[in-house]
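Everything on this sheet refers to the single structure shown next.
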Amino acid sequence: MKVVLSTLNAKYIHTSLAIRLLKAYSEKEFDIELAEYTIKDPVMNIVSDLYQRKPDVIGFSCYIWNIEETIKVVDIVKQVMPEVTIVLGGPEVSYDTQHWMERIKNVDHIVMGDGEETLHHLLKTIEGDRKFHFVYGATYRKGDEIVINPGRPKIDLNTLPSPYRFPEDIPDLGKRIVYFETSRGCPFNCQFCLSSIEVGVRYYDIERVKSDITYLIDHGAKIIKFLDRTFNINRNYAMEMFEFIIENNRGCVFQFEITADIMRPEVLEYLAANAPPGIFRFEIGVQSTNDVTNELVKRRQNFTKLSRTVNTIKASGNIDQHLDLIAGLPDEDYDTFRTTFNDVFAMEPEELQLGFLKMLRGTGLRIDADKYEYKYMEYAPYEILSSNKLSFADIIHLKRLEDVLEKYWNAHRMDHTLKYLMKNEFDSPFDFFQDFGDYWEGQGWQKIGHQLEDLFLRLHSFLEFRGVQRMDVILGLMKLDYFMNHKYKPRTIWWDERLTKDKWSVYMKSLAAHPEQVSAEFAALQLDERGLQKHAVMDILPFDLDALLNEEGKVSNRTDQQTLLIVLYQQDETQRPRWFTWKLELAALL
C-alpha cells in the first residue's frame, strides 16, 4: 500500500514536523513518501504531482493557514483518483470533527490529536479487516453515518522514533527552517489558544534531544525553531538546553517561545553573560497588559516581571526578542489597547507583532463568543470582525497601524528616526503609527508596491504634512538610516540637497590627511582619497549627531553645531556599513 503524507506550508522555507513524525513512526511497515507544497502553489500543480505518485492513501496535515487550500486539493484529487483514501489530521480538524466530515464530503477519515499511533493503526485497518470502530482517535464514514471514535491515550514521546534523520532532508537543511519539539502541551489555560486544551506537559528525554540537535547541526541546519509552547516552564530542562546550545551551536540560530514573567533570575544572568550574539531569538506572547482582560481569558501574567525579563535580555544585546499582542480580547477596547501597545513598545523589542483575535475551533473564547458579542469570519482564519468593546471601524483603524508597524519598525529600516519621532514629535508610539497609518491609507499607498526609497519619501511626506517641529533633525537622522540600509555604496539619494563636488573634495582630502581627527578607529582603516572615493558617502547634518544620540533624543537649539556624517561600505568580513562623525568646527581648524 502506497501512502503519501502531505501538507501545504505557508512558505517554501518552512518544513512540516508533523508529517515527518508520522513517517518515522510507520515507515517500517508502509511505503511512505512525503510531499510538501505551499499555499501559493497552483492547486492543479499539487494534484498533478500527487497523481503521478500513484498513492493508495493520501494524508493531509491541516492548519488554520492551509485548510481552505487543502480542501480545494482534496476535492480535485477525489475526482481524478476516486479510489484513493483521503485522511486529514492536524490541529485545525482535531476539533469540531463532525463539522469537517460534513463539510468535506471527499474525506474518508480524520485523525484527532497525537497522530502517530492513530494513523499507524488506521493504515493497518485500511489494509486489513477495515474494522474502523476499533481505531481510537479517528473518525470515519459508515455509509451515510459519521462515526467519531473515543480518543486515544496520549503517547509516551520517548517511544517515538526521531523525525529529523531522513537522508532526503539533508540537502535542504541549510536552506529551510527546521521545526523541533522538546515537549508537547502547555501548563497554562489561555482561552484563545488551542494549547490550553491539552492538560500537562510531556517531555522528550533531554539526551535524545541533544543528539538530534547535534545531528542537525552536523548536517548543515542554519535555523532551528522550537515548537514548545513554553520552553522555559521547566527551569532545569531549559537551563541545560541553553548551556548545551551555547557550547555546541556552531553558528546555528535557535528560536524559542518563552514565558517571560517566569524566567528565573539565574537563567537571565547566565544568558546575559554567555549567549553569543545572534544565536538566540525569543518569542514572547504578551497579548495584553489589561488586568481585567487577562483575568477573563485565564491568562496569568505579571507584567512587572515580564518587563524585567525583556529589559534584562535587551540590555545584554545578545538576544533578539519578538513580542506579540492580540487586539480584540475580552474587555479590550480601542483606548485600552492603546495603553497595552504603549506599555509593550516602551521596551523597544526588536519586533512587535500586532495580531487580531482568531476564534479557533475548540477554544474557550469561541465557545463563549456570544458572551462578548463576537462576530468573526466563518472560514479560516476566523478573525474577529467586532465585539461588544471593539467595533469593525476600530479594527480597520488598527490594521492601518499594523501595516506601517511592519514596514517601518519590524523591518528596522529607520530605527534612529523612529525613536526620535516617538520621543519628541508624537504623544506616544501608538499615536505615531496610527497617524502615519491613517495618512498612508489616505494616500492610497496600500494599493501599490514600494522600494526602500519610497518608504523614506512617504515618511517624509507625512511629516511635512503634519508639520513637525524639527524637520532638519529628522531629515539628518533619515539620511543616516538610509545610508545604513545599504550593503554597497548607494548610487542614488532621495533628498534634494547634497554636497557639492567642491565640498566633497575638501572633506575627502581633510579626512585622508587627518583621519585621527575623526577617531582612532577611523584612522586604523588607513583610507586614502581613492579608498574614500570608492567606499564612502558623506553628508552634512545641521546638528551634533553624537550629542543627540547620547542624550536620549534631546537636541540642542544651537545653530553653529554641524556634523559631517561619513558612512563606509565593504570594510570588513561582516559586509555591514560603518558610520563615523566629524564635528565641522574641528574640520574648519585644519
Side-chain angles (χ1 to χ4, degrees), residues 338 341-342 345 348 352 396-486 490-500 503 537-545 547-549 551-565 567 579 581 584:
R338 177 181 183 273
F341 185 96
N342 287 328
F345 198 91
E348 294 187 353
L352 179 57
I396 293 174
H397 206 194
L398 290 173
K399 282 187 175 291
R400 298 173 191 162
L401 179 154
E402 178 201 19
D403 187 29
V404 294
L405 177 72
E406 285 294 318
K407 289 182 172 68
Y408 285 84
W409 181 260
N410 290 343
H412 291 286
R413 294 184 172 104
M414 302 185 198
D415 284 359
H416 297 98
T417 305
L418 297 190
K419 289 177 183 178
Y420 176 85
L421 287 170
M422 289 182 281
K423 289 176 180 175
N424 295 277
E425 298 284 356
F426 290 82
D427 291 339
S428 74
F430 181 93
D431 295 292
F432 164 72
F433 289 112
Q434 186 67 85
D435 291 354
F436 189 20
D438 292 343
Y439 182 82
W440 184 284
E441 182 156 312
Q443 299 301 307
W445 291 335
Q446 79 279 8
K447 302 174 184 176
I448 57 179
H450 55 268
Q451 302 294 325
L452 178 66
E453 291 82 358
D454 298 325
L455 292 172
F456 281 84
L457 285 166
R458 290 168 186 173
L459 176 60
H460 191 264
S461 173
F462 164 62
L463 296 174
E464 285 195 322
F465 167 79
R466 185 178 174 88
V468 293
Q469 297 179 23
R470 292 299 303 268
M471 196 68 199
D472 56 337
V473 173
I474 297 165
L475 180 58
L477 293 172
M478 291 178 77
K479 291 177 180 179
L480 170 61
D481 285 329
Y482 181 75
F483 287 144
M484 295 301 291
N485 266 276
H486 290 79
R491 298 187 179 186
T492 60
I493 59 175
W494 54 268
W495 54 94
D496 296 329
E497 295 183 7
R498 64 187 70 194
L499 282 178
T500 64
K503 283 189 175 183
V537 292
M538 291 184 284
D539 212 310
I540 297 174
L541 309 184
F543 56 91
D544 187 335
L545 177 61
L548 174 66
L549 298 180
E551 295 176 14
E552 299 183 352
K554 297 178 183 178
V555 61
S556 170
N557 290 320
R558 288 177 56 182
T559 58
D560 60 337
Q561 292 182 325
Q562 290 187 323
T563 300
L564 180 66
L565 173 64
V567 183
W579 60 277
T581 57
L584 290 188

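As the structure is a computational prediction, the values presented were derived from the model and not from experiment.
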Original post:
Are the side chains of M484 and W579 in touch, meaning some heavy atoms are under 4.5 Å apart?
Top reply: yes
Subject >> Check: M414 and L477 side chains under 4.5 Å, non-hydrogen atoms >> reply: no
**OP:** Answer yes or no: is there a side-chain heavy-atom contact under 4.5 Å between L418 and F436?
**Re:** no
**OP:** With F345 as reference, evaluate F426, F432, F433, F430 under the ring pair (Phe, Tyr, Trp, His ring centres under 6.0 Å) test and give the passing residue.
**Re:** F433
**OP:** Hey, could you give me the NE2/CG distance between H416 and D481, rounded to the nearest 0.5 Å?
**Re:** 6.0 Å
Original post:
Within a strict 4.5 Å, meaning less than it, do heavy atoms of the I540 and L564 side chains meet?
Top reply: yes
Original post:
Could you give all pairs that pass the salt bridge (Lys or Arg N to Asp or Glu O under 4.0 Å) test and reach residues 408-421, with sequence neighbours left out?
Top reply: E348-K419
Original post:
If you take all heavy atoms of F543 and D472, which pair is closest and at what distance?
Top reply: CE2-O, 3.9 Å
Subject >> Interatomic distance, Y408 atom OH to D403 atom CG [nearest 0.5 angstrom] >> reply: 9.5 Å
**OP:** Specify the closest pair of heavy atoms between E497 and D539, including all atoms of both residues, with the distance to one decimal.
**Re:** O-OD2, 4.4 Å
**OP:** Identify the heavy atoms of R338 and S428 that sit nearest to each other, and give their distance.
**Re:** NH2-OG, 3.4 Å
**OP:** Report the C-alpha separation of Q434 and L398 in whole Å, then their side-chain angles, then the decisive distance to 0.1 Å, and conclude whether the side chain to side chain contact (heavy atoms under 4.5 Å, CB included) test is met.
**Re:** CA-CA 7 Å; Q434 186 67 85; L398 290 173; 4.0 Å; yes
Original post:
side chain to side chain contact (heavy atoms under 4.5 Å, CB included) between M478 and I474: does it pass, once the steps are laid out?
Top reply: CA-CA 6 Å; M478 291 178 77; I474 297 165; 3.9 Å; yes
Subject >> From CG (D544) to CG (L549), nearest 0.5 Å >> reply: 9.0 Å
**OP:** Over all heavy atoms of both residues, which pair between E425 and V468 is shortest? Give the atoms and the distance, please.
**Re:** OE1-CB, 3.5 Å
Subject >> Short side-chain to backbone donor-acceptor contact, Q446 and G437, under 3.5 Å >> reply: no
Original post:
Are the side chain of T563 and the backbone N or O of L545 linked by a donor-acceptor pair below 3.5 Å?
Top reply: yes
Subject >> Spacing of E441 atom CD and H397 atom NE2 [to the nearest 0.5 Å] >> reply: 9.5 Å
**OP:** Determine the minimum heavy-atom distance between H412 and N485, stating which atoms define it.
**Re:** O-OD1, 4.3 Å
Subject >> From CG (L499) to CE (M538), nearest 0.5 Å >> reply: 6.5 Å
Pair up each side-chain donor or acceptor in residues 448-467 with any protein partner under 3.5 Å, not counting sequence neighbours, and list the distances.
| unit_1 | atom_1 | unit_2 | atom_2 | d |
| --- | --- | --- | --- | --- |
| E453 | OE2 | Y482 | OH | 3.0 |
| D454 | OD2 | Q451 | N | 2.7 |
| R458 | NH2 | G449 | O | 3.3 |
| S461 | OG | Y439 | OH | 2.9 |
| R466 | NH1 | D435 | OD2 | 3.0 |

Subject >> Closest approach of L352 to W409 (non-hydrogen atoms, all atoms of both residues) >> reply: N-CD1, 4.4 Å
